[in-house]
Amino acid sequence: MVRHGRPQLSVRYRLGVFSRILAAVIGGYAVTALFTACLAIGLPLVVLQPRAETVLAATLPAFLILCLAAIWVFAARSARRAWLGLLAAMLLLGGVYGWLSAVSLPGDA
Amino acid sequence: MSLLTWSALLYAALTALCLSLNRHYRDVFNNRPIWPSQRALRWLGFTGIAGSLLFCIASAPDGRSWVMWFCTFAVLSCTISMGLAYFPRFISLAGKTAVTVFLTAVTIEFSF
Amino acid sequence: MAWLHTWSGLVVGWLLLAIFMTGTASYYRSEITAWMHPEIRPSAPISEAASLKQAMDWLEQCAPDAASWLIDLPTTRLPVTQVMWQGAGERRYNSEWLDPASAQTLTPRKTFGGDFFYGFHFQLSLPSQIGRWIVGVASMAMLIAIVSGVIIHRRIFKDFFTFRPGKGQRSWLDAHNTLSVLALPFHAVITYTGLITLMFMYIPWGVDLVYGPDRAAFFRDIRDFSAPQVPALGRAVLASPETLIQQARQHWGQEHIARVSITAPGAVNARVELFRDTLDHVSSQPQRLVLDGVGGEWVGTNPSTGPVKAFYGVMYGLHLAHFADPLLRVLLFLSGLGGCAMIATGLQLWVVKRRGNSRRGVYRHIEGLNIAAMLGLPTAMAAFLWANRLLPGDMPARDIREIQAFFCTWLLTLLHAQMRLTQHAWREQAMLCALTCGGLPVLDILTGPNPINGLNLVCGLLGMSFAVVAWRLYQPAQQCIPQTRAPGSRPPRSERHS
């Protein structure tokens, strides 16, 4: 149904929106997971504190990260940019996580 | 600084801020000049809001006071908004009443 | 960004409305539970010492061999003493209610009370994994809707107080903006802290990486559960209630015990933990006194609280608002209602904007969903309370029947809204809502022990509000049908940014 006064939404536009939704949900969640993991492993190396503190400090910022990621995806100029940005973030955090896992001694909780 | 005092101040300050905006100033006063001026109202409004927050926290320095203040802010500003929509003639009177209540309460509190 | 705000709000809008409404009702969870148990008749003022003595005597008599006892002391909001005991080797607790004035067991009717709305709020009456995940996704969408809403409506102060009723779509937009902006701190904090309460389910990697498979150890650490204790073989007399009260008074002052936990009562290694009420600090972490169960001496202190754990406790506490005194609770309740109205006006704005002048088609059905969510749900909640009084007290499985009454009523309102023309559906459901809510105080006068209580007042006021809405909806058409622009015309400049 064509509505007067509104441009007919093209397939390309719809695909772009769908792509952004996927990026926000899957990519955002992945970035959040990696961020939390990095904090969970990295914080004990930096500051000596009870384990519960580390877990809380790693998990509390997660929702903010997810929110920021979702907002960023929809503020980016195109769906491709959104994906690229998220993939870059994932690679960076993944690298940090890998490095931190190697640095912290095995079995060190 | 009791609850009545800082909430009266907050209500007066919110009314002042509201009336300093052109749209509401037009609706309530029909563009006739008033005392204090619109600019003065804006300053009084912001000062009053900050003052009420300070008084609220000072009277009971506790996390709960913050919650109380923000909730009171929400409820009072909603009241003003509804008042503007349905009873615009009483906004100015209500604001003046709040100022009177605040000054009276402050005088009573500080003279004991 | 406007697209994000619209769709993140819309896709979960009806669900969020249900979550917000049951959450707002949960501010009065204890009061609803007390209302739904009319067998509770507090006669004399309740003293902490007397209640504790009665509870311990009762448990001594009726459950002397239990592995542990739990006693919840009566409060002004819920004036019953709740005693619970756990048999050796069992996980479940048995529980009984005692009347604090007469120390008799009460046999209240089986009902979930306010716990039903509370549980629905975060679990939607579904199996826990599914329900909590759905609520989590909806809450995350709400957080995104709030942030994107602030980004769209950057110039907050321009329209801060603006509400122009009677102008159709403009009015719905004004209402949505005003309700969102004026209580923005409340909405943002409630949504974020709500996510935090269940965050270990949604973001498990912190726990998994630090604690490995032993998640239970983590929850013991943050909730300060003491490790369970196996009763020793030697028997000893348990410390007297007076000793325990005296310790509490020494550390905390008068009348501050909320819960007493006694592990291995009657054994030599009995341990008593007193939990302080949390009425005067925001954090949800209660202070504990650990006492030796035989001599009553003070044994332990609270485990250390780091800054992050303290922050977490404050965040958790902000959501539950257990610290709210009656006035603050009213303000929070009103803010919660404002949140419901914010979501409702958003949903209705979307429909009004897009349906044009048509009375049929998909928007008519969507508006029907709006009606069922905004008016049908309060009616169903009131029906739950009606069922509590109308169903016989000794009916088997009556607690399930009450819940069925809730869901059946909601389903019927949904069908009604879909089958009737929307303008009729609005009027009729508003009227029904007014009658069911406003009828609750009347019902309580007829069937309850003490009709002068806060819940009746709130329901009466809500009923009157819905009645005013219904009256306005029944007014002649030209005052009430939202005006829409002719299709194809452009909105005036000031409206275009939304």
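Below, chain A is the first sequence line, B the second, and so on; all start at residue 1.
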Inter-residue atom distance [X].[atom1] - [Y].[atom2], 0.5 Å rounding:
{"X": "C/L209", "Y": "A/S101", "atom1": "CG", "atom2": "OG", "result": "8.0 Å"}
{"X": "C/I151", "Y": "A/I71", "atom1": "CD1", "atom2": "CD1", "result": "4.5 Å"}
{"X": "C/I144", "Y": "A/C67", "atom1": "CD1", "atom2": "SG", "result": "5.5 Å"}

Region of [X] that comes under 4.5 Å of a non-hydrogen atom in chain C:
{"X": "A/F35", "value": "neither"}
{"X": "A/T36", "value": "side chain"}
{"X": "A/L66", "value": "both"}
{"X": "A/I41", "value": "side chain"}

Original post:
Considering only heavy atoms from C-beta outward, does the side chain of A/F63 approach that of C/M140 to under 4.5 Å?
Top reply: yes
Original post:
Do side-chain atoms of C/Y211 reach the backbone of A/V55 as a donor and acceptor pair under 3.5 angstrom?
Top reply: no
Original post:
Within the distance-only criterion (no hydrogens, no angle test), does the side chain of A/E53 pair as donor or acceptor with the backbone N or O of C/K309 below 3.5 angstrom?
Top reply: yes
Subject >> For the student: nearest non-hydrogen atoms of A/A40 and C/G206, plus distance >> reply: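 What the structure gives for the nearest pair is CB-CA, 4.1 Å.
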**OP:** Measure across C/Y192 and A/P61 and return the closest heavy-atom pair with its distance rounded to 0.1 Å.
**Re:** OH-CA, 4.5 Å
Original post:
Of the options C/V308, C/V210, C/V207, C/I196, which is the one that meets A/L56 in a side-chain contact (heavy atoms from CB on, under 4.5 Å)?
Top reply: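 For A/L56, the side-chain contact (heavy atoms from CB on, under 4.5 Å) check succeeds only for C/V308.
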Subject >> C/F311 versus chain A, the contacting section by heavy-atom distance below 4.5 Å >> reply: side chain
Original post:
Tell me, side chain or backbone of C/M199 under 4.5 Å from chain A's heavy atoms, or both, or neither?
Top reply: both
Original post:
Within a radius of less than 6.0 Å around CZ of A/R80, do more than 12 heavy atoms belonging to other residues, nucleotides or ligands occur?
Top reply: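 Atom CZ in A/R80 is not packed in, count stays at 12 or less.
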Subject >> is_close_aromatic(C/W7, A/F18), centroid dist under 6.0 Å >> reply: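 No, the ring centres sit 6.0 Å or more apart.
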Original post:
Parallel, tilted or perpendicular for A/F74 and C/W3, by the 30°/60° rule?
Top reply: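 Plane angle under 30°, so parallel.
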**OP:** Would you mind telling me which of A/V25, A/T32, A/L64 has the largest number of heavy-atom pairs within less than 4.5 Å of chain C?
**Re:**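 Of the candidates given, the most pairs with chain C belong to A/L64.
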